[in-house]
Amino acid sequence: MTKRSPFRYFKTSPEIIRLAVMLYVRFPLSLRNVEDLLHERGIDVSHETIRFWWNRFGPMFPAEIRRKRVSRMRCYSNWQWHLDEVFVKTNGELHYLWRAVDHEGEVLESYVTKRRDHKAALKFLKKTMKRHGRAEVLVTDKLRSYGAAMKVIGNAAKQETGRWKNNRAENSHLPFRRRERAMIRFRRMRTLQKFVAVHASIHNHFNQDRCLSQRDHFKMNRTAALAEWRGLCAA
């Protein structure tokens with residue numbers, strides 16, 4: 001059975017749609033900034049059209065990226081996770097963004113809750129473990145909610161805490177914070193949850209750690225990431 005293309009009812013080419021979504025999510029740009037960049041390339045679209053593309057295809061592209069990565073990541077032995085939470089304001093109301101990062105800095109899961117208690121931590125851990133399996137070590141800060149949640153799951157012995165041990169998770173918040181400032185924050189919790197999930201997957205896909213690799217390897221990996229992105233959701 002032939003797979004139907006998700007672009008079949010759109011007059012605009014899939015390449016332009018993928019480019020617009022990538023520019024909006026990957027870089028700290030507004031919808032009107034993306035509109036201006038596309039206009040410089042001879043592509044005349046409205047910022048509302050870009051908003052529609054983002055809402056339609058934003059979750060679709062990262063979902064395909066995750067399906068290819070999760071099966072490979074489950075095979076890791078001695079897998080170490082770093083867990084952390086950060087506050088985010090949506091329309092003046094305080095919410096908490098929980099994030100799980102592996103030992104290589106790849107964001108595994110992002111989850112938004114209204115509270116920062118053990119119930120929220122337990123739900124976040126169950127969601128992460130359901131998708132990615134179990135880790136050998138779980139590095140957290142000294143928030144008691146983690147310990148209470150891990151006792152329920154039965155992996156309290158795998159938890160580690162330390163003053164600088166969780167810097168990997170702390171640094172993973174920085175790209176999102178830069179993107180949050182460009183968007184002038186969020187207005188709804190649902191929009192926040194949708195964006196952080198999409199942003200994390202796209203950031204993982206294009207993050208090549210150029211400071212840790214040679215120039216030739218970086219260029220080769222960047223080209224491969226772009227080629228894979230251009231083939232997403234292809235019929």
Please check if the number of heavy atoms outside His47 that lie under 6.0 Å from its NE2 is greater than 12. yes
Where is the tightest heavy-atom contact between His118 and Ala149, given as atom of each residue plus distance? O-CB, 4.0 Å
is_close_aromatic(Phe206, Trp229), centroid dist under 6.0 Å: yes
Sub-4.5 Å side-chain heavy-atom contact between Arg185 and Glu180: yes
With no hydrogens and no angle check, just 3.5 Å: does a side-chain donor-acceptor pair link Ser201 and Asn204? no
Side chain proximity check, Thr12 to Trp53, heavy atoms < 4.5 angstrom: yes
With rounding to the nearest 0.5 angstrom, report the CG to CD1 distance, Leu138 to Ile153. 8.5 Å
Roughly how far apart are Lys142 NZ and Thr161 OG1, rounded to 0.5 Å? 6.0 Å
Is the NZ atom of Lys127 crowded by more than 12 outside heavy atoms at less than 6.0 Å? yes
Give me the ring orientation class for Trp54 and Phe195: parallel if the planes are under 30° apart, tilted from 30 to 60°, perpendicular past 60°. perpendicular
Going from CG on Asp84 to CG on Asn166, what distance comes out if it is rounded to the nearest 0.5 angstrom? 5.5 Å
Begin with the C-alpha distance, continue with both residues' side-chain angles, and end with the deciding distance and a verdict on side-chain contact (heavy atoms from CB on, under 4.5 Å) for Val86 and Arg177. CA-CA 10 Å; Val86 65; Arg177 286 300 195 191; 2.8 Å; yes
Report yes or no: does His95 contribute a side-chain atom to a donor-acceptor pair with the main-chain N or O of Met189 at less than 3.5 Å? no
With a sphere of 6.0 Å drawn around CZ of Arg144, does it hold more than 12 non-hydrogen atoms of other residues, nucleotides or ligands? no
Do you know the tightest heavy-atom contact between Ala225 and His205? O-NE2, 2.8 Å
Cation-pi between Arg178 and Phe27: NZ/CZ under 6.0 Å from ring centre and within 45° of the ring axis? no
Does the side chain of Pro59 come within less than 4.5 Å of Lys194's, by heavy atoms? yes
Shared hydrophobic cluster, Val101 / Trp81 (ILVMFWY, side-chain heavy atoms < 4.5 Å): no
Of Leu23, Val25, Leu19, which meets side-chain contact (heavy atoms from CB on, under 4.5 Å) against Val21? Val25
In terms of hydrophobic clusters joined by side-chain contacts under 4.5 Å, are Val88 and Ile184 together? no
With rounding to the nearest 0.5 angstrom, report the CG to CZ distance, Leu125 to Arg134. 10.0 Å
Inspect the surroundings of CZ in Arg115 and state if more than 12 heavy atoms from other residues, nucleotides or ligands are less than 6.0 Å away. no
Just by distance, do the side chain of Asn207 and the backbone of His203 share a donor-acceptor pair under 3.5 Å? no
Provide the closest heavy-atom pair for Ala120 versus Asp117 in the form atom of the first, atom of the second, distance. N-OD1, 3.1 Å
According to salt bridge (charged side-chain N to carboxylate O under 4.0 Å, His left out), who are the partners of Glu35, at least two apart in sequence or on a separate chain? none
Candidate pair Leu94 and Lys89, rule side-chain contact (heavy atoms from CB on, under 4.5 Å), full reasoning: CA-CA 5 Å; Leu94 192 65; Lys89 278 191 176 182; 4.0 Å; yes
Do Leu83 and Phe124 have side chains that approach each other closer than 4.5 Å (heavy atoms only, starting at C-beta)? yes
Distance, nearest 0.5 Å, that separates CG of Leu29 from CG of Asp36: 10.0 Å
Are side-chain heavy atoms of Ile50 and Leu38 found at a separation under 4.5 Å? yes
Aromatic centroids of Phe57 and Phe10 separated by under 6.0 Å: yes
Are any side-chain N or O atoms of Arg18 and backbone N or O atoms of Ser13, one a donor and one an acceptor, separated by less than 3.5 Å? no
Smallest heavy-atom separation, Gln159 atom then Thr140 atom, equals NE2-OG1, 2.8 Å
Glu85 and side-chain hydrogen bond (donor to acceptor under 3.5 Å, both in side chains): which partner among Tyr146, Tyr96, Trp98? Tyr146
Are side-chain heavy atoms of Val112 and Val196 found at a separation under 4.5 Å? yes
Can you hop from Val107 to Phe186 via hydrophobic side chains spaced under 4.5 Å? no
Shortest non-hydrogen contact from Met60 toward Pro6: SD-CB, 3.7 Å
His82 side, atom NE2; Lys165 side, atom NZ - distance, nearest 0.5 Å: 10.0 Å
State whether Tyr111 and Arg116 meet the cation-pi test: NZ (Lys) or CZ (Arg) under 6.0 Å from the six-membered ring centroid, and within 45° of the perpendicular axis. no
With the side chain counted from C-beta on, respond yes when Arg99 and Phe176 share a heavy-atom pair under 4.5 Å apart, and no when they do not. yes
Is the closest side-chain heavy-atom distance between Leu226 and Met22 below 4.5 Å? yes
Quick one: do Met183 and Tyr24 satisfy side-chain contact (heavy atoms from CB on, under 4.5 Å)? Show the steps, please. CA-CA 10 Å; Met183 297 180 69; Tyr24 178 64; 3.2 Å; yes
Does the side-chain contact (heavy atoms from CB on, under 4.5 Å) test come out yes or no for Gln80 and Arg168, once each step is laid out? CA-CA 11 Å; Gln80 180 173 308; Arg168 178 77 72 180; over 6 Å; no
